Amino acid sequence: MSAPPVKSIVLSFEDARRVVDEQAGLIHAGDPAGATECVDLLAAAGRVLAEPVEADRDLPPFPRSTRDGYAVRSADLAQLPATLDVIGEIKAGEKLERIPAAIGSGQSVSIMTGAPVPSGADAVVMVEYSSQRGNQVEITRSVAPGENIVPRGAEAREGALLLDRSVSLNEAAIALAASVGKSQLQVCKRPRVSVLTTGDEIVDVDAIPGSTQIRNSNSYSLAAQVLKSGGEPVLLPVAPDELKGLRRLIEEGLKSDLLLLTGGVSMGRFDLVEQALSELNAEFFFTGAKIQPGRPVVFGKCGAGAPARERPAIYFFGLPGNPVSTIVTFELFARPLLDALAGQSPRKLAFLHARLKKEIRVKTGLKRFLPAILSGEFENSEVELVAWQGSGDIAATARANCYIVIPSDRECLPAGEWVAVMMR
Ligand code: AMP
Ligand code: MG
């Protein structure tokens, strides 16, 4: 098999990310859900919704009091203090027949949070501004019409779309589904993601490494990231730095929905990943990004145009082998594509900001994502770099809880500056 030379395409971080976002946008474009399955409500937490969820009745289903107090006619409180008759008490879940049909002028009803407001009343006065003696209550504060009442259907009308396909089901979405009686939900199937580590020096985690051998940690960091992003990792055996064996395992990896390779994408004589992919008719979107760590990161797809293949083209990432580079490039590039494969609608990458604790000096030219520790409390978040030995230093990265994002044109960031932070 001859290997066409791979053209070098090195992009800025932003351009590289846009290329990934663009490809992510094409996935499921004509078929929003892809393969789906039905799961119990709680098992759906963290999954991607594959069916629309609608309101089965008005929300709230009745005008709901948001306070403990007295349901009143607001006009009755023009002059304060005002004394009103108390004609009943309504608790949350009160039976309909026990709720006064209407409240007349000069009348009120004692009411609890979550209880239905009777007709005639147009506001609820908080109990803190009242004192009841017998069947009368004295009120010391006025209320605007509508105050402390959520009208029937104000949150959603019966039949309204509450959750659309492709949303990731967080606790609020789960609560919303529960509130409309969905004990089961149709969710997208988890994409299978092959993880293929390359390198003659790499041995498995159970092996006793020789003095120049390294245990495989990248397959495990990647598998953990895949799991966290809603994918199902498939760990392949470690591939050798030799074309035939490497190609065979890449072909195996292309049977999944996404292939993540680590190692073998730098400039060394035994970095053969791009060549092996090229022999399998890969199309490369980029072969590098101006970032640190992770400059040699590769993104492409394989299988398009190969006549024998029935499956659609499979995307792959060649992530640099340095353990921190692997973790960071997954986060920056593989994650949005995996989100899309998982059925999620694409989201823009957004960074938080925190105040820098200590000055940073770097060289310009690369956008940097450096392991850092976010500390401080409440609104006073501060961030500082962890001391590290470069992108092989996994111990330093394990101490970090975020990355400081340094623009490629900055040489010095003084202490006290607000800097962009990418959370873990
Ligand atoms: P490479 O990208 O293949 O040049 O590898 C860069 C560095 O990362 C080398 O020091 C490798 O030994 C190391 N490395 C590569 N793959 C792994 C892995 N799976 N686990 C831990 N270290 C790795
Ligand atoms: Mg290698």
Side-chain angles (χ1 to χ4, degrees), residues 3 6 8-10 16 193-228 231 233-250 252-253 256 258-279 282 284 286-300 316-334 366 368-371 388-400:
V6 178
S8 163
I9 310 168
V10 179
V193 181
S194 288
V195 176
L196 177 55
T197 271
T198 72
D200 286 340
E201 78 282 28
I202 308 300
V203 296
D204 206 10
V205 63
D206 303 318
I208 297 179
S211 53
T212 56
Q213 289 180 319
I214 300 291
R215 286 197 190 91
N216 177 10
S217 63
N218 289 348
S219 290
Y220 296 93
S221 61
L222 283 174
Q225 286 174 295
V226 166
L227 281 171
K228 211 167 138 187
V234 180
L235 268 60
L236 294 172
V238 176
D241 289 323
E242 173 268 315
L243 271 174
K244 203 163 152 241
L246 181 56
R247 224 174 31 223
R248 191 185 63 74
L249 282 164
I250 290 178
E252 190 61 35
S256 292
L258 174 67
L259 168 60
L260 302 177
L261 296 118
T262 98
V265 288
S266 305
M267 300 297 285
R269 262 200 334 115
F270 299 99
D271 290 326
L272 301 172
V273 163
E274 283 164 78
Q275 195 183 335
L277 284 160
S278 165
E279 289 178 1
F284 293 87
F286 56 78
T287 60
K290 292 178 193 159
I291 57 170
Q292 191 224 3
R295 194 173 194 282
V297 60
V298 173
F299 174 42
F316 62 80
F317 288 91
L319 307 177
N322 267 313
V324 187
S325 309
T326 307
I327 292 174
V328 170
T329 48
F330 175 92
E331 214 48 46
L332 295 176
F333 302 116
L366 298 177
R368 293 172 203 265
F369 299 85
L370 303 182
W388 74 328
Q389 302 297 320
S391 44
D393 192 346
I394 196 154
T397 305
R399 286 194 295 275

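Ligands are counted one by one from 1 in listed order, and the atoms in each one are counted from 1 as well. Fair warning: this is a prediction, and the values are worked out from it, not measured in the lab.
Looking at atom 10 (O) of ligand 1, its nearest protein heavy atom turns out to be N322 OD1, 4.3 Å. Counting only heavy atoms of the protein, atom 3 (O) of ligand 1 lies nearest to G264 N, 2.9 Å. In this structure, atom 13 (C) of ligand 1 lies nearest to the protein heavy atom G321 O, 3.7 Å.
Interatomic distance, N216 CG to D204 CG, rounded to the nearest 0.5 Å: 6.5 Å. Rounded to the nearest 0.5 angstrom, Q225 CD and L319 CG are separated by 9.0 Å. Considering CG of L196 and OG of S219, their distance stands at 7.5 Å, rounded to 0.5 Å. Interatomic distance, L261 CG to E274 CD, rounded to the nearest 0.5 Å: 10.5 Å. Distance CG/N218 to CG/L260: 11.0 Å, rounded to 0.5 Å.
Residue N218 holds the heavy atom nearest to atom 17 (C) of ligand 1 of all those in N218, L319, L222.
Residue contacts with ligand 1, taken as heavy atom pairs separated by less than 4.0 Å, involve T197 solely via side-chain atoms from C-beta onward. Of the heavy atoms in N216, both backbone and side-chain atoms come closer than 4.0 Å to ligand 1. With a heavy-atom cut-off of 4.0 Å, E201 touches ligand 1 through its side chain alone. Proximity of I202 to ligand 1, defined as any heavy-atom pair under 4.0 Å, is confined to the side chain (atoms from C-beta onward).
Applying the ring pair (Phe, Tyr, Trp, His ring centres under 6.0 Å) test to F333 and every residue at least two apart in sequence or in another chain returns F13, F286. Partners of E201 according to the salt bridge (Lys or Arg N to Asp or Glu O under 4.0 Å) rule, which considers only residues two or more places apart in sequence or in another chain, do not exist here.
Each of the atoms 20 (N), 21 (C) of ligand 1 lies under 4.0 Å from some heavy atom of R215.
When every heavy atom of P240 is checked against every heavy atom of L249, the shortest pair comes out as CD-CD1, 4.4 Å.
Residue S217 places a heavy atom less than 4.0 Å from ligand 1.
Ligand 1 has no nitrogen or oxygen under 3.5 angstrom from a nitrogen or oxygen of I214.
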